[in-house]
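All remarks here apply to the structure that follows.
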Amino acid sequence: MDAILKGLNAAQSAAVTSTAPVLQVLAPPGSGKTKTLTARVAYLLAHHGYQPWNVICCTFTIKASREMRTRLKSLIGERLESKLLLGTFHSICRRYLANYGYLIGIPKGFQIADSSDSLAILTRVIKRLNVSLEPRSTRTRISRCKAKAQNVDEHLQQPPRKKASADEQEFLQVYEEYQNALAASNLLDYDDLLIRCADLLRARPECVGNVEAVLIDEFQDTNTVQLELMKLLAGKNRRVTIVGDPDQSIYGFRSAEIQNLTRMQRYYPDTSVIHLEENYRSSAAVLCCAQEVIEQDTVRPNKRLKATHCYGTFPVLRRLPSAHDEAKWIVAEIKRMKAMTGNLTTFSDYAILIRSAHLSLLIENALGKAGMPYRMVGGYRFFDRDEIRTLLDYLRTISQPNNNAALSAIINVPSRKIGEESLKELLRLADESGTSLWSVIQKYTQGDLTMKKKLSRPAEQNLCKLIALVKEAKKRMVNVTAESTAKFLLEFCLNKLSYKEYLQGKHAGDHENRWANVEELLNQANDIAESGSNRNGVDSEESLPEIEGLDKQQSDSNDEALATFLANITLSSDLQATEDNQEQECITISTIHSAKGLEWPIVFIPAVYEGSIPHSRAEDTDEERRLLYVAMTRAQALLYLTCPLRQSRSDTETTLSSFLPLKLHRHFVQIGPVVTDKVVRDIALILRRSPPSEEELLKGLKSLSERESSGDNLWPADGSAKPKQWWDFEDEATSTRHKVDLNTDRQHNIHSNRMHYSDLKAGTTMTETTMTGSSSFSLAGISVGFSTAARHLELTQTQVQDEMICREREITTSKRTTVAKSRRGKTKASGGQGSLANFFAHGSFGSTTERPASKPLPEPELPSYINAPLKQEDHNIPTVFTSHKLSTKPASLKRPQPLAEIPNGKRKPYGFLSSSPSREVPPDQSFKGSCGGDTNRATGPESILSSTSKSTTTMHTTSVDMLRLQSAPGRRKTYGVRRMMNGWENRKNH
DNA sequence: GGAAATGTAGTTTTT
DNA sequence: CTACATTTCC
C-alpha cells in the first residue's frame, strides 16, 4: 500500500489519487483538506513523475503556506519540498515579476508598497488634488477595483459612464494619480503584484510553460484576479487541484468571491468534485454548536458535519461583568484547566481567538501579570512598529533611492528640520520635473534647483548628510557578502543615526522595548546572514526553473539580496519564529482571520457581543457569522465563548451576539466544566494523547488553590459583578468560605439571570430562560480525591457535599430536540443546601423534573491503552453529568488519524501506534471507550485521583513555582516581539 | 516654517 | 488610551 495514502479515508484517498485533470475538493472544517492537498502533491510527484519545481502550490495566507511547507517537509522531505513553488499568491507573483517583470516593462528592483505606503501616497495625492476623499476608504476602494478589474488600465480606460458622479470622477482622478505615484517610485502595491503577474502571464505564457500542476488551498477566498491567475498559471496543461469550503469564506472584504467555485467549474467543464465529510478535529459537542451557528445562514446549501469523535465536553458560554474580568477569567480558566488536566495539555494547546486585534490588549496584560507565556498572531505587524518601519524605510531608500514613499518617510526622521511644508514642496518639484524626490534633493543641495521658499541653513546641511549616508551605504554594501547585506546596512544606519539615542530621546518611557525590537530585527537579519552562507546562494527560494528562450533578469547579488529581504518582509505578517521561540510553549492569541486552517485543543473566543461579532462596521453579516463558525471550528476538545456584559470603554451594556440566539444556548453550559476523569479522558481521546498519570493530575491539582481547583467559580456564572467580599474571605476558615461563596453565587444567579435575559430579548419567555439558567458544576469528580490527597484541608464528606453543585442541564421540555432528549433527568438526588442545581430545580424557574438518585453508571469498558479507569467507590456523592449526542444515531467511529495528524508531532501517540507490538487496530474498536454511544453519559462519581495512598511528598510545587518553571524569568518572549504593555509600566509606578 | 503643546475623535479582518 | 488635528510659541 502506498505510504502516501496511509491514514486517509476513502474520500481523501480518492481525491489524492484522482486522475481527473481538474479537481475540486470541497469539505467542511477539520476534514483534512490541507492534508489531502499535501498528500496529493506528494502523490503527483511520486506517481505522475512531476518535478517539484514544476508544481505550484498557492495558499492564501502566509501562515497557511508555512503550515503547508511543514507538512510537505515531513511528507516528501526537505529536499523536494524546498524545490516546490509554494507560497501565497502574492509571493509567487512577486517571484515571477522579479524574474520576468522586465518583459512587460516593470523596472528591475521594484519594491512593494504596503498599506501604509499606499495610505501615505493617497493622503498626499488627495491633499494635492484638493478633493474631499477619505484616504483610508479610497485605499480600499482602489483595492476593490483592482481585485475585480482584470488590469488597471482597463479599468481606467473604461469610458467614464455618462452619469459618473463628481465623486466618481474625483475618485478616478485620485486613482490615476496614485498609480502614477507608484510608478514614479517603482512600487507595486499588493493588488498590483497579482494584476501585473496576470498581465505578464497573458503576454508571455511561456513563463509558466513548465508548470505541470497547480494546487490551491482555501480556494473560497480567491478574488477575481486570483481566479484568473489560477487559469494562467495552469496554462495549457490545465491540471488544477483546489480545496475549499464556502462556509469558511471570510475574506469578502478583500473581494473574495465564493462564486469562483462555480466559475471554475464552468471554465473547466471536466472538473471533478469530491466532498469530504468526516470531521476529525473536534468533539461532537463543538461541531454541534458550530453547526447551529452556520445553519442560521439561510441561503447556504445545507451540509452536514459528520463527527468522528466522542461528544466530549459541553462548550461554554461564559458571561462576565466586564472585559477586564473576561481577561482575568480566561487566564484563570487556562490555569485551572492546565493544572487539572495534568500534563495532558501545555500552553501551546490553548488559543484565544479574537475578532479584532485590539481585543488582545487586556488579555495580554492579564497573561503577562500571571506570568503565562503567549504569542500574538495577526493584528499589528512587527514590521509596522514605528522604530522598525523607520529602519526598513532607510533600507528601502538605500536599495531604491527613487522610492519616494520610503524617502519621504525618513527624510525628517530623526528630525532634520524639514517639515511637512518643505517636503510637500520638494515632492511637487519632483512631480513636475518627472523625477524622483531623491534627485530633487540632490539637485537642490548642489544648487541646481531653487525652491520657492528656501530651506533653513541647518535643514540644508542635514539633507546633505542624509544624501551622504545613502550614498556611502550603497558604496560600502558591495563589500559584504550578499547574505549579510541587510545586516550590514542595518548596523550602518543604527550607527550613523545614533538610533539608540534617538529612541531614548523620542520614547523616554519605553525606549527599552523599542530597542529590544530593533535588536530582534537585527537578529533576524543576522539569521539570514548565517543561514544564507550554507545554502547555495541567497536566492534558492527565489529561483524559477530555467525556461528555454527566456532570460531571467540579472542583477547584482547584493542588490538582489537586499530587495528580497525587503520584499519578504513586506509580504510577511510576522517574524519567523526563531529557534528559542519555537521551543517555548506559548498560549496563542490570534485574530480569527489568522487562525484559519489551524486548530487547538482548547479555544477561547472572547467578546462575542453585537458590535464585535458581528462587527459593527461589517457590511456582510453572513460573513461575520462564518467568521464565528471558523473560530468555533478551530477547537478540538474544549470551546469557550465569553461575553463581557459591559464594554469597558464606554461602559455601555453589551448584547450577546445575534449569532447565539437563545435557542442555541442549550448546547452550551454557563461555566467552565469541572474537570472530571471523563473530561480528561475525552480530551485525551480527541487529541489522541495518552491520558495523564495520576501523579501528574495530583501535581496539577496541588498547584492550584483550593478555590481554584474546585471549579470555575471565581466569578458568578451569570456575569454579575464579583462581590467584593471574595477578596476578604481568603483567610477565613474553609468551610464557611465555601458556603458564603455559594450563597452569593446563587443570589447573583437568580438576580441577573432574569435581568440579563429579559434585557437580552424582550418577549423571551421564562421557560427559555431556564435553559441557560441552570448549568452549574459539580465537585464530585475531584473533591473526593482532593480531600484525601490534601488531608490538611480537613474537609469532611459533608462539607464536600455542601460545596457540591451539580452540573445539570435543565432544558425546557418544550424546546427539547432529539439532541437533548436522550440525556435528561439524571441529576444528583441530594443536592444539599448549596446546590445550585437544586435551587433551580425547585426554585423559581418552574422546572418540575423529578430527578431520581442516579446510581453510578457502569463504567464503560476502555481500551487497554487507556489507564484503567479509576475504581469507583460508592462515595455517596451524587453526580450527574448529562451529555448529549449529536443525533440519535451514534457518531460513526473512524479509525484514528495517522501520526502525521498528531499536532506538532510532539505528542506521543497511543501505545498501539507507536510501541505496541500489535499495529493492527480493529477498525471500529480503536476509539470506543468513552467515545460515542452510551459512554458519553454520566460516568458517575469517579475520582481523578483514585489512589490516594500514594506518596505526595514530591508534589509540593506551588502554582508560582510551576509558572516559574514554565517560563524562565526574563526569557519570556512573545514570538520575538517585545510587546508594549501600553502604559503598563507607568501604571505600575503610580 | 517648524516644533512643542494642547485638544479631539476614534478604533475589522490580510497580502 | 492614542493617533491626529489644531493651536501656540519659537
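Just so we're on the same page: letters track the sequence lines, and every chain starts at 1. Small disclaimer: the values here were computed from a predicted structure and weren't measured.
For the C1' atoms, the distance linking B:dT13 with C:dC4 amounts to 23 Å, nearest Å. Comparing the P positions of B:dT11 and C:dT6 gives a spacing of 16 Å, expressed to the nearest Å.
When the nucleotides B:dT14, B:dT15, B:dA3 are ranked by their closest atom to the side chain of A:His593, B:dT14 comes out on top. Distance from the side chain of A:Thr61 is smallest for B:dT14 among the nucleotides B:dT14, B:dG2, B:dT13. Taking the side chain of A:Ser422 as heavy atoms from C-beta on, and the options B:dT15, B:dT12, B:dG1, the nearest nucleotide is B:dG1. Distances from the side chain of A:Ile62 to the nucleotides B:dT13, B:dA3, B:dT15 place B:dT15 closest. When distances run from any side-chain atom of A:Arg254 to the nucleotides B:dG1, B:dT13, B:dT15, the shortest one goes to B:dT15.
The shortest non-hydrogen separation linking A:Ala290 to A:Thr633 is CB-CG2, 3.6 Å. Of all the heavy atoms in A:Leu200 and A:Tyr100, the pair that sits closest is CD1-O, 3.5 Å.
With hydrogens and angles ignored, the 3.5 Å screen pairs a side-chain donor or acceptor of A:Asn260 with a backbone N or O of A:Thr222. Counting only distance, with no hydrogens or angles, the side chain of A:Glu326 and the backbone of A:Leu320 share no donor-acceptor pair below 3.5 Å.
Side-chain contact of A:Thr588 with A:Arg375: a donor-acceptor pair under 3.5 Å is present, judged by distance alone. A donor-acceptor pair shorter than 3.5 Å cannot be found between the side chains of A:Thr654 and A:Arg646.
One finds no side-chain N or O of A:Ser115 lying less than 4.0 angstrom from the OP1 or OP2 phosphate oxygen of B:dT14. Phosphate proximity of B:dG1 to A:Lys453: present, with a side-chain N or O under 4.0 Å from OP1 or OP2. A sub-4.0 Å separation between OP1 or OP2 of B:dA3 and a side-chain N or O of A:Ser415 is present. Regarding contacts with the backbone of B:dG1, every side-chain N or O of A:Ser456 stays at 4.0 angstrom or more from both OP1 and OP2.
What separates CG of A:Asn462 from P of B:dA3 is a distance of 10 Å, to the nearest Å. When the C1' atom of C:dA5 is taken as reference, atom CD of A:Glu420 falls 13 Å away, rounded to whole Å. A:Asp217 has its CG atom 14 Å from the P atom of B:dT15, to the nearest Å. One interatomic measurement links the two molecules: CG of A:Leu359 to C1' of B:dG10, which rounds to 15 Å at whole-angstrom precision. As a whole-Å value, the separation of A:His90 NE2 from B:dT14 C1' is 9 Å. The nearest whole Å value for the distance from the CG atom in A:Asp386 to the C1' atom in C:dT2 is 12 Å. Rounded to whole Å, atom C1' of B:dT14 lies 12 Å from atom CG of A:Asn223. Rounded to an integer number of Å, the gap from CD of A:Glu134 to C1' of C:dA5 is 13 Å.
For the pair A:Arg254 and A:Tyr251, the cation-pi criterion (under 6.0 Å, within 45° of the ring axis) is fulfilled.
By the 5.5 Å and 30° criteria, A:Phe253 is stacked with the base of B:dT13.
Residue A:Asp221 is classed as having no contact, given no heavy-atom separation below 4.0 Å to the nucleic acid. Residue-level contact check: A:Phe89 touches neither bases nor backbone, having no heavy atom under 4.0 Å from any strand. As judged by a 4.0 angstrom heavy-atom cut-off over every strand, A:Ala357 is placed among residues touching the sugar-phosphate backbone only.
Contacts with DNA chain B (heavy atom under 4.0 Å) in residues 611-630 of chain A: A:His615, A:Arg617, listed by number.
Between A:Glu421 and A:Ser594, the residue anchored closer to the 5' end of DNA chain B is A:Glu421, taking for each the nucleotide with the nearest heavy atom.
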For this session: Any chance you could lay out the side-chain hydrogen bond (donor to acceptor under 3.5 Å, both in side chains) test for A:Lys146 and A:Gln179, step after step, and finish with the verdict?
Result: CA-CA 11 Å; A:Lys146 287 187 174 182; A:Gln179 285 307 111; 2.8 Å; yes

For this session: Could you walk me through whether A:Glu421 and A:Lys453 pass salt bridge (Lys or Arg N to Asp or Glu O under 4.0 Å), step by step?
Result: CA-CA 10 Å; A:Glu421 272 309 300; A:Lys453 210 146 198 185; over 6 Å; no

